[in-house]
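Start at 1 with the first residue, then count along the sequence.
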Amino acid sequence: LEALLGAIAGWVDRQGDDVRRRLSFVYCGNERIAVGAALARARLACEIKVNGFVPLDELQALHRRAFANLYVTSPRTFHHKTIELLAARRPIIAFPADHGEASEIAIRAGGTFASCTDAADIARALDDALAAFARDELPSAPAALEELSWESQAARLEQVLEEAVRARG
């Protein structure tokens with residue numbers, strides 16, 4: 001987290017005043033106290049909003065408005081964050097590098113996925129994402145991502161559970 005925020009702070013510092021004024025770092029989740037403390041140490045020169053959990057529709061709207069969505073890679077979790085963020089059709093930046101299954105899921109869905117190993121990778125990914133945002137480019141076709149939306153995943157789960165119940169008689 002510290003390395004990611006340090007890299008973001010360095011990138012923000014290199015932006016012009018006009019860009020910095022429009023940037024906003026938004027965190028939503030369970031680790032808001034730790035993230036808030038780390039953000040204070042990182043001293044990002046942009047607007048910062050730290051939230052706990054927010055309703056799903058609000059979270060999805062935040063993801064869709066962002067020029068990029070970032071997450072800290074954890075080997076202990078399933079790739080639900082990758083899937084959730086791909087559905088927003090915005091570039092995803094993962095740190096530390098998350099090559100395996102997350103990258104394969106992003107490629108299959110046609111999403112933009114940057115698996116970063118250092119501050120230079122993060123800066124490049126942020127530069128690319130901001131440039132695409134300025135051109136109003138979405139990284140993926142909606143049809144490719146529809147199967148990854150919460151609604152589609154819920155419908156698929158419902159179908160699997162119904163088949164399991166029918167199979168048991």
Rounded distance (nearest 0.5 Å) linking atom [atom1] of [X] with atom [atom2] of [Y]:
X	Y	atom1	atom2	result
I92	E84	CD1	CD	9.5 Å
L130	Q15	CG	CD	6.5 Å
I105	T82	CD1	OG1	6.0 Å
C116	F95	SG	CZ	8.0 Å
L23	E47	CG	CD	10.0 Å
N69	L62	CG	CG	9.0 Å

Are any non-hydrogen side-chain atoms of Y71 and L85 less than 4.5 angstrom apart?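 Touching, per the 4.5 Å side-chain cut-off.
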
Flag side-chain contact, heavy atom, 4.5 Å: W11 against I122: no

Kindly work out whether a path of hydrophobic side-chain contacts (I/L/V/M/F/W/Y, heavy atoms less than 4.5 Å apart) joins L5 to V12.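 The answer is yes; both residues are in one hydrophobic cluster.
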
Do the side chains of V54 and L70 join up, straight or via other hydrophobic residues, at under 4.5 Å, putting them in one cluster? no

Can you give me the closest heavy-atom contact between [X] and [Y], atom names plus distance?
X	Y	result
H63	A88	CB-CB, 3.5 Å
A9	A42	CB-O, 3.5 Å
L1	A38	CD2-CB, 3.8 Å
V26	C28	CG1-SG, 4.1 Å

Test: E158 and R156 ion pair at under 4.0 Å: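 Salt bridge absent between E158 and R156.
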
Output yes when a side-chain donor or acceptor of [X] lies under 3.5 Å from a complementary backbone atom of [Y], and no otherwise.
X	Y	answer
S115	D98	yes
T117	A97	no
R14	G10	yes
R90	F67	no

Between F53 and L59, does the side-chain contact (heavy atoms from CB on, under 4.5 Å) criterion hold? Intermediate values first, please. CA-CA 9 Å; F53 286 105; L59 183 63; over 6 Å; no

Applied to residues 119-133, the salt bridge (Lys or Arg N to Asp or Glu O under 4.0 Å) test, sequence neighbours excluded, yields D121-R124

Would you list the pairs meeting salt bridge (Lys or Arg N to Asp or Glu O under 4.0 Å) in which at least one residue belongs to residues 19-41, sequence neighbours left out?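 Found E2-R41, D17-R20.
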
Walk me through it: do Y27 and N51 pass the test side-chain contact (heavy atoms from CB on, under 4.5 Å)? CA-CA 6 Å; Y27 173 83; N51 305 302; over 6 Å; no

Go through F25 and V50 one step at a time and tell me if the side-chain contact (heavy atoms from CB on, under 4.5 Å) criterion holds. CA-CA 8 Å; F25 181 96; V50 178; 5.9 Å; no

Of all residues at least two apart in sequence or in a different chain, which pass the side-chain hydrogen bond (donor to acceptor under 3.5 Å, both in side chains) check with R166? none

Kindly check if the number of other-residue, nucleotide or ligand heavy atoms within 6.0 Å of CG (L161) is above 12?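 Result for CG/L161: enclosed.
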
